[in-house]
Amino acid sequence: MSVCIVGAGVIGLSSALRLLETRPDIRTITIVSEQFPQDQPINHTFTSPWAGAHFRPFPHRDSDYASDKRESEYTRVTYNYFKRKSKQWLSEATVEFMNGIDWLENPSIEYQRLGAGYNGSSLEKFQQQDSNLPAGVTFGCSYETWCLNAPLYLLFLYDQVMKKSEQQNVNIRVKRIKLEKLKDICELYPDVNIVVNASGCGLQWEGGLDPKCFLVRGQTLLLDVGDKHDTIPYAHATITHQAKSGDWTFVIKRPGKNGKKAYYILGGTKQPGDYSVMPRDTDTEKLIGRGKKLFPELLENFEIKNVNVGFRPLRVGGSRVELEFNKSPDGEQMPVIHAYGLGGMGFETSMGVAYHIQKLYNNVFSTSKL
Ligand SMILES: Cc1cc2nc3c(=O)[nH]c(=O)nc-3n(C[C@H](O)[C@H](O)[C@H](O)COP(=O)(O)OP(=O)(O)OC[C@H]3O[C@@H](n4cnc5c(N)ncnc54)[C@H](O)[C@@H]3O)c2cc1C
Ligand SMILES: *[C@@H]1O[C@H](CO)[C@@H](O)[C@H](O)[C@H]1NC(C)=O
Ligand SMILES: *[C@@H]1O[C@H](CO)[C@@H](O)[C@H](O)[C@H]1NC(C)=O
Ligand SMILES: *[C@@H]1O[C@H](CO)[C@@H](O)[C@H](O)[C@H]1NC(C)=O
């Protein structure tokens, strides 16, 4: 089989790795993408390198139960995938398990009742925190989670895909191109049997983007805290504070590879429909002001290494992970697996999405044909 994956973000690369891990029938993998993890500087239209990134579970909302449940399940698959990996793998991948803490000033009913996806039966070391909460916080919980260094993790994934292909004698083609429409793949690579559409916001078969997709701007600060990088409390805990005003303030460790120096992400804004790629000083000042109150040890002695601006690819009604058949120019039916619109959760859902893609792949090319 010859598989073409559109997109080299966390979703495209995780899918490539998962397919290589499970499908010996694949003889050729083609990764077609406008951007790649090695690119410097990082383009703002490429979301993955700008992420925190940590796993922050949420309780399912009644209003969006089906998509919440599916996405929450993806996060558990990713968590378990990381859990099963060896210490060595994790440290090369920059994945670190640690305490996750949520502080809310105005928790929704779903949080208050510790509903599905957010309780001790679905999270490890889950605990409610009633004392020592910051002023204004009325709800606190902690659980086991992980943080990773997004740019380094992407390079690691890319490397794993290359290594696995070589080991398994799979022919790998990497092509940098901006596709006008997904259909163009049929002309570029006539041998392709199936396409995975991991283009972030979803490039359409005939061109254009999924009209249900939209971007939410996120500005964060990359902080260097000097010698204290492995002794401040945030070396072992990632915290998210949700204020009554709607502001979110979070600290996420960016572990170094193989135990090297860590940096910290202080975030962040959530600005739908704001396409400004330029860092905004007012956003930076507000973040530092909130951070000083909530995470004093982080902002005791720090240097801003970078002001990051990224755009989360959201989709009305939730992400789309689905199989569809499209007509290629020579009239054949081309299977396309869509995997886009992961919003602010692309890393935490990544391996779950990759497992789902593999299942959809199995539906098209059943294992009995192996
Ligand atoms: C500030 C911020 C903080 C975040 N924090 C977290 C977090 O803590 N945890 C978490 O899980 N997630 C987090 N996210 C979200 C996460 O970054 C995204 O969900 C994830 O990166 C989406 O990955 P993707 O592979 O779908 O898209 P992308 O990374 O955008 O990749 C899309 C790929 O498709 C290619 N492509 C697109 N269009 C075309 C085309 N026409 N032709 C060719 N190639 C094309 C691109 O070049 C790229 O390689 C955060 C995001 C932001 C902005
Ligand atoms: C980033 O990507 C966009 C979208 O393709 C492109 O228009 C822009 O020129 C790129 N920016 C840089 C600095 O390369
Ligand atoms: C706790 O979470 C699990 C798994 O998501 C769910 O099945 C269960 O109903 C939840 N418990 C409560 C009390 O909602
Ligand atoms: C890829 O994703 C987009 C989402 O915008 C979807 O609408 C489109 O149909 C997908 N591409 C293909 C080949 O169908």
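Whatever order the structure lists ligands and atoms in, that order sets their numbers, starting from 1.
Close approach of ligand 2 to N43 is summarised as follows: ligand atoms under 4.0 Å from at least one heavy atom of the residue are 1 (C), 2 (O), 3 (C), 8 (C), 10 (C), 11 (N), 12 (C), 14 (O). Interface atoms of ligand 2 facing E34, defined by a heavy-atom separation under 4.0 Å, are 2 (O), 4 (C), 5 (O). For ligand 2 and K178, the ligand atoms under 4.0 Å from any heavy atom of the residue are 5 (O). Atoms of ligand 2 found under 4.0 Å from any heavy atom of Q35 (numbered from 1 in listed order, with element): 2 (O).
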### E110 and H60: CA distance, side-chain angles, deciding distance, side-chain hydrogen bond (donor to acceptor under 3.5 Å, both in side chains) verdict
CA-CA 7 Å; E110 289 87 0; H60 310 343; over 6 Å; no
### Task
Report the C-alpha separation of D68 and R61 in whole Å, then their side-chain angles, then the decisive distance to 0.1 Å, and conclude whether the salt bridge (Lys or Arg N to Asp or Glu O under 4.0 Å) test is met.
CA-CA 7 Å; D68 276 5; R61 293 159 299 190; 2.7 Å; yes
### Task
Check the pair K244, E105 against salt bridge (Lys or Arg N to Asp or Glu O under 4.0 Å), reporting the backbone distance first and the verdict last.
CA-CA 5 Å; K244 237 183 221 147; E105 289 186 349; 5.7 Å; no
### F295 and Y264: CA distance, side-chain angles, deciding distance, ring-ring contact (aromatic ring centres under 6.0 Å, His included) verdict
CA-CA 12 Å; F295 315 127; Y264 291 85; over 10 Å; no
### Task
Apply salt bridge (Lys or Arg N to Asp or Glu O under 4.0 Å) to the pair D62 and R113, showing each step before the final yes or no.
CA-CA 12 Å; D62 289 338; R113 68 179 179 222; 3.1 Å; yes
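The shortest N or O to N or O distance between H54 and ligand 1 is under 3.5 Å. At under 3.5 Å, a nitrogen or oxygen of G346, whether backbone or side chain, sits near a nitrogen or oxygen of ligand 1. Considering both main-chain and side-chain atoms, E34 comes within under 3.5 Å of ligand 1 through a nitrogen or oxygen pair. Checked by distance only, ligand 1 and K178 stay at 3.5 Å or farther apart across all their nitrogen or oxygen atoms. Of the N or O atoms in T47, one or more lie within a sub-3.5 Å distance of an N or O in ligand 1. Considering both main-chain and side-chain atoms, G12 never comes within under 3.5 Å of ligand 1 through any nitrogen or oxygen pair. Between A53 and ligand 1, no N or O atom pair is found at a separation short of 3.5 Å. For ligand 1, the polar-atom distance check finds an N/O of S33 within less than 3.5 Å of one of the ligand's N/O atoms.
N258 and S91 form a side-chain donor-acceptor contact under 3.5 Å, judged by distance and modelled atom types alone. Of the N and O atoms on the side chains of H54 and T238, at least one donor lies less than 3.5 Å from an acceptor on the other residue. Donor-acceptor pairing under 3.5 Å is lacking for the side chains of E348 and Y79.
In this comparison of S15, G268, G267, S48, the heavy atom closest to atom 22 (C) of ligand 1 sits on S48. One option in G310, G343, S199 has a heavy atom closer to atom 53 (C) of ligand 1 than any other, and that option is G310. Among A51, G344, G218, P313, the residue whose heavy atom sits closest to atom 12 (N) of ligand 1 is G344. Comparing G200, S350, G9 against atom 27 (O) of ligand 1, the shortest heavy-atom distance belongs to G200.
Chaining together hydrophobic side chains whose heavy atoms lie under 4.5 Å apart places I252 alongside L222, F250, Y263, I265.
When non-hydrogen atoms are compared, ligand 1 lies under 4.0 Å from neither the backbone nor the side chain of F55. With a 4.0 Å heavy-atom cut-off, ligand 1 is reached by the backbone of L179 and by its side chain too. Proximity of A150 to ligand 1, defined as any heavy-atom pair under 4.0 Å, is not found for any part of the residue. At a 4.0 Å heavy-atom cut-off, ligand 2 does not touch H44 at all.
Taking the six-membered ring for Trp, Y340 and H338 have ring centres closer than 6.0 Å.
Each of K286, R290, K270 was compared with D247 under the salt bridge (Lys or Arg N to Asp or Glu O under 4.0 Å) criterion, and only R290 meets it.
For T269, the heavy-atom gap to ligand 1 stays at 4.0 angstrom or more. At least one heavy atom of F46 sits under 4.0 Å from some atom of ligand 1.
Cation-pi check for R18 over Y355 is met; the charged atom lies under 6.0 angstrom from the ring centroid and within 45 degrees of its normal. Judged by a 6.0 Å distance limit and a 45° cone about the ring axis, K253 is not positioned over the six-membered ring of Y234.
The heavy-atom pair separating V161 from A16 by the smallest distance is CG2-CB, 4.0 Å.
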Output block, N or O contacts of ligand 3, threshold 3.5 Å exclusive:
residue  : atom   : partner : partner atom : Å
ligand 3 : 2 (O)  : N119    : OD1          : 3.0
ligand 3 : 2 (O)  : N119    : ND2          : 2.5
ligand 3 : 2 (O)  : S121    : OG           : 3.4
ligand 3 : 5 (O)  : G117    : N            : 2.9
ligand 3 : 11 (N) : N119    : ND2          : 2.8

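Residues D191 and R173 are paired through a salt bridge, judged by an N-O separation under 4.0 Å between the basic side chain and the carboxylate. Under the 4.0 Å criterion applied to side-chain N and carboxylate O atoms, K69 and D64 are not assigned as salt-bridge partners.
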